[in-house]
Amino acid sequence: MKIVNKTQAELGISAQDTLLLLMQIASDKIDTIVPTSSSLNVDDINGFGLAILRKSVKMLDTLVFVCVRLQDYVVANAIVRMLADSLAVYRLIYASEDEDERIYRHYLYVKDGLSSRVDAMEHDLVYNGTISHEAFQALNDRYTDTRQSDKSVINHCNEILANHKYATSYPEFHRRTCIESSNWKYKILGSHRKAKNNQYTWKELYELIDKREDIIDCISSHLSQYIHGLCVSNILSNEDEDEFEPLLSFGMVFIGLINKELDRLLQ
């Protein structure tokens, strides 16, 4: 079904061209805000947030390419879901107007991600002869350095979190949220409940980007079919151009949210 939004109708151009135009505007804003920002510095919280927005604009560019050039309906749906996840994270953590909360969630978020990678890299690499000794040594050195670097950053996050005001104001909450877990999705500040009983579900987080129940259900349930390779992802419809219009419309919603956040940062 072909969907024409107000902006597209006013400009008199196609959905993909409208989206690309708004993406270019977003990219220019990002470069204006922090041209040298990098998410490689864990203490650059603004840079981490901006990296999510920059990544999202790049993913939108890929979405347009997949919809218009490749016409890969499965991948397009998966991209929309990944965009929703990234922007929900941004809204929860980096768009927060409470600086204490923003800092606390940020370091929990970093700690959670790196801890998962360290766990996945628990075992040392074993040489099996399929590549040269030189190539294996180079790979092993990089593997070991990454693991050690991640552990160092995790220790740094723990130190920052241990000195955060929440650690002293809400010691039991801090123990359950930070020491026993890395619960950056916590729902109620100061709660004594276990982390798994005090966290937003992804469906609840999608409310941060769109409060319409049908849209939330589509993102959390329907799009998961394409992420996890479930039945619906194998039922291909007639993939003509109009089939991709709803997905590009999601893109319009997302770029609107991105530009709104960038305008807030530029104030």
Side-chain angles (χ1 to χ4, degrees), residues 37-56 59 81-124 142-209 216 219-220 224 227-228 261:
S37 173
S38 172
S39 61
L40 295 177
N41 179 2
V42 68
D43 296 318
D44 183 4
I45 300 178
N46 291 333
F48 256 78
L50 204 61
I52 293 176
L53 298 182
R54 183 184 290 114
K55 175 190 71 175
S56 297
M59 291 171 68
R81 170 61 178 266
M82 290 187 289
L83 276 160
D85 288 0
S86 291
L87 293 175
V89 169
Y90 179 88
R91 290 286 297 155
L92 178 68
I93 302 175
Y94 300 99
S96 175
E97 296 181 356
D98 185 324
E99 187 64 11
D100 289 327
E101 178 187 5
R102 197 165 75 102
I103 292 171
Y104 197 71
R105 287 195 194 273
H106 164 73
Y107 284 101
L108 286 173
Y109 176 66
V110 173
K111 178 186 172 185
D112 179 53
L114 295 185
S115 294
S116 295
R117 187 161 71 176
V118 167
D119 289 344
M121 301 173 72
E122 176 184 2
H123 302 290
D124 293 335
R142 183 172 181 179
Y143 181 89
T144 303
D145 289 346
T146 298
R147 184 170 58 187
Q148 187 56 48
S149 175
D150 284 353
K151 289 180 178 180
S152 296
V153 174
I154 291 169
N155 289 335
H156 176 71
C157 290
N158 283 332
E159 182 178 349
I160 296 292
L161 290 164
N163 289 286
H164 191 280
K165 65 181 296 184
Y166 290 173
T168 52
S169 298
Y170 312 103
E172 180 62 17
F173 165 80
H174 177 72
R175 183 179 70 82
R176 294 184 181 278
T177 304
C178 175
I179 298 175
E180 293 182 355
S181 65
S182 302
N183 185 24
W184 54 271
K185 297 196 291 286
Y186 67 84
K187 182 181 289 189
I188 301 174
L189 176 64
S191 172
H192 287 188
R193 296 152 108 194
K194 292 182 179 179
K196 65 179 181 179
N197 297 323
N198 181 38
Q199 58 182 206
Y200 290 106
T201 65
W202 278 103
K203 184 175 182 178
E204 289 173 325
L205 290 179
Y206 296 141
E207 294 180 17
L208 298 175
I209 57 178
I216 294 171
I219 295 172
S220 63
S224 68
I227 290 291
H228 302 300
E261 289 297 332

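- Between W184 and L92, the closest side-chain pair of non-hydrogen atoms falls below 4.5 Å.
- Side-chain atoms of Y90 and D85 include no donor-acceptor pair closer than 3.5 Å.
- For the 3.5 Å distance criterion, the side chains of H164 and Y170 fail to qualify, holding no donor opposite an acceptor.
- When the shell of 6.0 Å around CD of E99 is examined, it contains more than 12 heavy atoms from other residues, nucleotides or ligands.
- No more than 12 heavy-atom neighbours from other residues, nucleotides or ligands sit within 6.0 angstrom of CD on E159.
- Side-chain N or O atoms of H106 include one that pairs as donor or acceptor with a backbone N or O of V42 at under 3.5 Å.
- Across all non-hydrogen atoms, the minimal contact from D100 to K165 is OD2-CD, 3.0 Å.
- Expressed to the nearest 0.5 Å, how far CG of N41 lies from CG of N46 amounts to 11.0 Å.
- Between E204 and K187 a salt bridge is recorded (basic side-chain N to carboxylate O distance below 4.0 Å).
- The two atoms that bring C178 and L161 nearest to each other are SG-CD1, 3.5 Å, heavy atoms only.
- Judged by distance alone, the side chains of R176 and N197 never bring a donor and an acceptor atom under 3.5 Å apart.
- Of the N and O atoms on the side chains of R81 and Y206, at least one donor lies less than 3.5 Å from an acceptor on the other residue.
- Note that OG of S56 is 5.5 Å distant from CG of L83, once rounded to the nearest 0.5 Å.
- Between Y107 and N158 the shortest side-chain heavy-atom distance does not fall below 4.5 Å.
- Judged by distance alone, the side chain of Y104 and the main-chain N or O of A167 form no donor-acceptor pair under 3.5 Å.
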>> What verdict does the salt bridge (Lys or Arg N to Asp or Glu O under 4.0 Å) test give for D119 and R147, after you've listed the backbone C-alpha separation in whole Å, the side-chain angles of each residue and the deciding distance to 0.1 Å?
In response: CA-CA 9 Å; D119 289 344; R147 184 170 58 187; over 6 Å; no

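- A pairwise comparison of heavy atoms in I209 and A88 identifies CG2-N, 4.0 Å as the closest pair.
- Looking at every heavy atom in both residues, E261 comes nearest to A95 through OE1-CB, 3.7 Å.
- Distance check: D124 CG to T144 OG1 gives 6.5 Å after rounding to the nearest 0.5 Å.
- Distance check: Q199 CD to S191 OG gives 11.0 Å after rounding to the nearest 0.5 Å.
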>> Set out, in order, the CA-CA distance, both residues' side-chain angles and the distance that settles side-chain contact (heavy atoms from CB on, under 4.5 Å) for L87 and L53, then state yes or no.
In response: CA-CA 8 Å; L87 293 175; L53 298 182; 4.2 Å; yes

>> Please determine whether side-chain contact (heavy atoms from CB on, under 4.5 Å) holds for the pair S152 and Q148, giving the CA-CA distance in whole Å, both sets of side-chain angles, and the decisive distance to 0.1 Å.
In response: CA-CA 6 Å; S152 296; Q148 187 56 48; 3.9 Å; yes

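- Proximity of a side-chain donor or acceptor of T146 to a complementary backbone N or O of R142 within less than 3.5 Å is detected.
- A donor-acceptor contact closer than 3.5 angstrom is absent between the side chains of N198 and H192.
- Side chains of L108 and N183 form no contact here, defined as non-hydrogen atoms less than 4.5 Å apart.
- The shortest distance between side-chain heavy atoms of R175 and P171 does not fall below 4.5 Å.
- For the pair R91 and L205, the minimum side-chain heavy-atom distance is 4.5 Å or more.
- Residues S181 and K111 approach most closely at O-NZ, 3.7 Å, considering heavy atoms.
- Looking at D112 and V110, their side chains never come closer than 4.5 Å, going by heavy atoms from C-beta outward.
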>> side-chain contact (heavy atoms from CB on, under 4.5 Å) for R105 and S96? Distances and angles first, verdict last.
In response: CA-CA 10 Å; R105 287 195 194 273; S96 175; over 6 Å; no

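- The two residues L189 and F173 come nearest to each other via the heavy atoms CD1-CE2, 3.6 Å.
- By the 4.5 Å heavy-atom criterion applied to side chains, V89 and W202 are counted as neighbours.
- You'll find the side chain of Y166 reaches within 4.5 Å of the side chain of Y186, heavy atoms only.
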>> Run T201 and K185 through side-chain contact (heavy atoms from CB on, under 4.5 Å) and show every step you take.
In response: CA-CA 8 Å; T201 65; K185 297 196 291 286; over 6 Å; no

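- A salt bridge is absent between K194 and E180; no separation between the charged side-chain nitrogens and carboxylate oxygens falls under 4.0 Å.
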